[in-house]
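This report concerns only the one structure given below.
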Amino acid sequence: MFFCIPGYLEYLSRNGDVVLIAHCIEYPPVPEKRFPYAYDYIGEWKDEVEKLRTKAKVLLHHYQTVCHVDYKHKQINCRPIILDGHKPGQVIIEEAVNENVDAVIIGARGLGKLRRTVLGSVSDFVVHHCPVPVTVVPPESWKHHYPHHS
């Protein structure tokens, strides 16, 4: 199995690397309030955003622990960061430029052709617009396409 973070740590990292572990939250659209007193749409939206932020924090904490515990011998400095934005690809590229990274390793969700055409692909956007090298890691569900990497 080759997941984005563990795969990098196991096969590509070097002693003393600094790793920025980023998770981009794509906020749901803000609902329009149709009636002045009908329902608290904004409150519900804020609750959903808070759930997304909590999930991101838990995920980042997990990977930071993996980095510091499982790969302690490599003395890798892992810095978790939550990126907020409506356009995740653009936010990822901006952060890569601001942090002066050497490379971006991004996971793909494995959307089908129709969904990718309609929704767009964050990894595809980053590959085509990022000024540094980008590696796209396919989802685990694709491992049957690459049996020699199991």
Side-chain angles (χ1 to χ4, degrees), residues 1-31 40-146 149-150:
M1 293 186 285
F2 189 87
F3 295 104
C4 209
I5 304 296
Y8 166 78
L9 293 171
E10 182 69 31
Y11 301 108
L12 301 174
S13 66
R14 292 180 286 173
N15 291 351
D17 276 359
V18 176
V19 178
L20 182 65
I21 301 174
H23 182 78
C24 190
I25 298 174
E26 186 174 5
Y27 290 141
V30 179
D40 184 15
Y41 292 110
I42 299 301
E44 187 176 301
W45 180 84
K46 287 179 182 178
D47 290 345
E48 187 62 32
V49 167
E50 191 54 39
K51 286 179 193 173
L52 292 171
R53 290 188 68 75
T54 299
K55 283 182 179 180
K57 287 176 186 177
V58 169
L59 182 69
L60 290 174
H61 177 74
H62 167 74
Y63 283 124
Q64 188 175 26
T65 301
V66 167
C67 188
H68 289 179
V69 174
D70 296 349
Y71 296 92
K72 185 178 182 177
H73 63 282
K74 289 193 173 188
Q75 299 175 335
I76 295 171
N77 179 10
C78 291
R79 290 190 306 135
I81 184 170
I82 295 175
L83 304 174
D84 300 315
H86 294 287
K87 296 184 182 267
Q90 188 62 40
V91 173
I92 291 167
I93 292 171
E94 288 170 6
E95 194 64 26
V97 169
N98 291 342
E99 291 288 336
N100 196 28
V101 302
D102 294 322
V104 171
I105 301 174
I106 187 169
R109 293 186 296 173
L111 298 176
K113 288 182 182 179
L114 178 61
R115 290 175 95 188
R116 187 174 54 241
T117 301
V118 173
L119 299 174
S121 165
V122 173
S123 56
D124 186 60
F125 182 87
V126 173
V127 163
H128 287 93
H129 295 91
C130 194
V132 298
V134 177
T135 299
V136 179
V137 179
E140 185 183 13
S141 62
W142 289 11
K143 73 179 182 180
H144 67 278
H145 294 290
Y146 308 99
H149 290 292
S150 300

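What you see below is based on every heavy atom in this structure, not just the backbone, and it leaves out hydrogens, waters and symmetry mates.
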*Look up atom CD1 in I93 and atom CG in N98, then write down how far apart they are to the nearest 0.5 Å.*
12.0 Å
*Restricting to pairs with a member in residues 80-107, which pass salt bridge (Lys or Arg N to Asp or Glu O under 4.0 Å), not counting sequence neighbours?*
R53-D84, R79-E99
_Parallel, tilted or perpendicular, as decided by the 30° and 60° cut-offs, for the rings of H129 and F125_ = parallel
*asked:* I'd like to check the disulfide bond (SG atoms under 2.5 Å apart) partners of C78; sequence neighbours left out, ordered by chain and number.
replied: C67
*asked:* My understanding is that only residues two or more places apart in sequence, or in another chain, count here; which of them pass ring pair (Phe, Tyr, Trp, His ring centres under 6.0 Å) with H61?
replied: none
*So I105 and L12, side-chain contact (heavy atoms from CB on, under 4.5 Å) or not? Walk me through it.*
CA-CA 11 Å; I105 301 174; L12 301 174; 4.1 Å; yes
_side chain to side chain contact (heavy atoms under 4.5 Å, CB included) against V136, all qualifying residues, sequence neighbours excluded_ = I106, A108, S123, V127, V134
*Should we count NZ of K46 as having more than 12 external heavy atoms under 6.0 Å?*
no
*Taking only residues at least two apart or on different chains, which pairs with a member in residues 10-25 satisfy salt bridge (Lys or Arg N to Asp or Glu O under 4.0 Å)?*
none
*asked:* Are the side chains of P80 and L59 in contact, using a 4.5 Å heavy-atom criterion?
replied: no
*L83 side, atom CG; E26 side, atom CD - distance, nearest 0.5 Å*: 12.5 Å
*Mind checking whether D70 and L9 have side chains closer than 4.5 Å, heavy atoms only?*
no
*asked:* Could you work out, with side chain to side chain contact (heavy atoms under 4.5 Å, CB included) as the rule, every residue matching H62, not counting sequence neighbours?
replied: V66
*Measure the spacing between CG of D47 and CG of L52 and express it to the nearest 0.5 Å.*
11.0 Å
*Distance from I5 atom CD1 to Y63 atom OH, nearest 0.5 Å?*
6.5 Å
_Residue pair A96 / V104: nearest heavy atoms and the distance that separates them_ = CB-CG2, 3.9 Å
*Can you measure from NZ (K55) to CD1 (I82) and round to the nearest 0.5 angstrom?*
13.5 Å
